[in-house]
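We use all heavy atoms of the structure for the numbers below, so side chains are in, but hydrogens, waters and symmetry mates are not. Ligands are counted one by one from 1 in listed order, and the atoms in each one are counted from 1 as well.
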Amino acid sequence: MSQSLTREELQTVMAEADLLKSREEVEAALDRMAGEITAQLSDTMPVVYAIMNGGLVMAGQLLTRLNFPLEQGYLHATRYRGEFTGQTDLQWQAPPSIPMDGRTVLILDDIFDEGHTLAEVVKSCFAQGAKEVLTAVLVNKVHNRKNPDLAVDFVGCDVEDRYVFGYGMDYRSFWRNADGIYAVKGL
Ligand SMILES: O=P(O)(O)OC[C@H]1O[C@H](OP(=O)(O)OP(=O)(O)O)[C@H](O)[C@@H]1O
């Protein structure tokens, strides 16, 4: 899908997008989350997993704010795959590799949208023997289509019900690198 987009089209998407959260607002949210996570998990020697690809930027910026011993890994589970709506099946492209048996696990991701991705990842961690599993997201998209089986433990900020990109979140696989949280014009 991404191959059909030109550089000009992608520049227009950025030029026309609405800035929902500035870099300064995101940094403040990450500081607050780091404090909350430290207060709850600093004694637990947790395994901290980032969900690729979207969780990459958020994890990178959060991890250096956590000043206690932890192990860090990644997993890749995807259901949107460059589209604007998610598929019902979650595709596992890279399973977790650090053992979580009997451990506290913290899952990091960019966005809690409908919550199906996190719900399945959390379920899988418990199936692999995790003692407790907590979740942290940079963005909670506010709407009433949430998976009722999931409550996220740490949230950076709320955004309105629009298609957003930046800070790890993609517009048709591009603009994960945007230095703010933007909403696509018309979406
Ligand atoms: O709450 P949900 O509705 O399940 O959506 C949230 C998930 O969707 C995105 O991943 P995506 O499937 O796009 O994979 P990617 O990060 O590899 O692009 C995002 O990074 C979350 O993991």
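- Considering backbone and side-chain N/O atoms, Phe112 never comes within less than 3.5 Å of an N/O atom of ligand 1.
- Both the backbone and the side chain of Ile111 come within 4.0 Å of ligand 1, judged by heavy-atom distances.
- By the criterion of a heavy-atom distance under 4.0 Å, the side chain of Asp109, and not its backbone, is placed next to ligand 1.
- Against a heavy-atom cut-off of under 4.0 Å, Asp113 is close to the following atoms of ligand 1: 1 (O), 2 (P), 3 (O), 5 (O).
- Put simply, part of His76 is less than 4.0 Å from ligand 1, judged by heavy atoms.
- For ligand 1, the atoms sitting less than 4.0 Å from at least one non-hydrogen atom of Gly54 are 16 (O), 20 (O), numbered in the order shown with element in parentheses.
- Counting only heavy atoms of the protein, atom 7 (C) of ligand 1 lies nearest to Thr117 OG1, 3.5 Å.
- Looking only at heavy atoms of the protein, atom 3 (O) of ligand 1 is closest to Tyr80 OH, 2.7 Å.
- The distance from ligand 1 to the heavy atoms of Arg79 drops below 4.0 Å at these ligand atoms: 2 (P), 3 (O), 4 (O), 12 (O).
- Counting only heavy atoms from C-beta outward, the side chains of Trp92 and Ser124 approach each other to under 4.5 Å.
- The ligand atoms of ligand 1 that sit less than 4.0 angstrom from a heavy atom of Arg176 are 15 (P), 16 (O), 18 (O).
- Closest heavy-atom contact between Lys141 and Lys146: O-NZ, 2.6 Å.
- The protein non-hydrogen atom at the shortest distance from atom 11 (P) of ligand 1 is Thr78 OG1, 3.6 Å.
- With salt bridges taken as basic N to acidic carboxylate O contacts below 4.0 Å, none links Arg79 and Glu120.
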Check against ring pair (Phe, Tyr, Trp, His ring centres under 6.0 Å), Phe84 and Tyr171: CA-CA 8 Å; Phe84 296 129; Tyr171 171 81; 5.7 Å; yes

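- Between Glu9 and Arg172 there is no salt bridge, since none of the side-chain N atoms of the basic residue sits less than 4.0 Å from a carboxylate O of the acidic one.
- Side-chain contact between Asp170 and Tyr80: absent, with no pair of heavy atoms (C-beta onward) separated by less than 4.5 Å.
- Here is the list of ligand 1 atoms found below 4.0 Å of a heavy atom in Asp110: 19 (C), 20 (O), 21 (C).
- Between Gly115 and ligand 1, at least one N/O pair is under 3.5 Å apart.
- If you run side chain to side chain contact (heavy atoms under 4.5 Å, CB included) between Ile37 and each of Leu134, Leu66, Leu70, only Leu66 comes through.
- Using a 4.0 Å cut-off between heavy atoms, Met58 makes no contact with ligand 1 at all.
- Comment: Arg162 engages Asp18 in a salt bridge, judged by a side-chain N to carboxylate O separation of less than 4.0 angstrom.
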Derivation of the salt bridge (Lys or Arg N to Asp or Glu O under 4.0 Å) call for Lys123 and Asp149: CA-CA 10 Å; Lys123 201 167 110 193; Asp149 300 336; over 6 Å; no

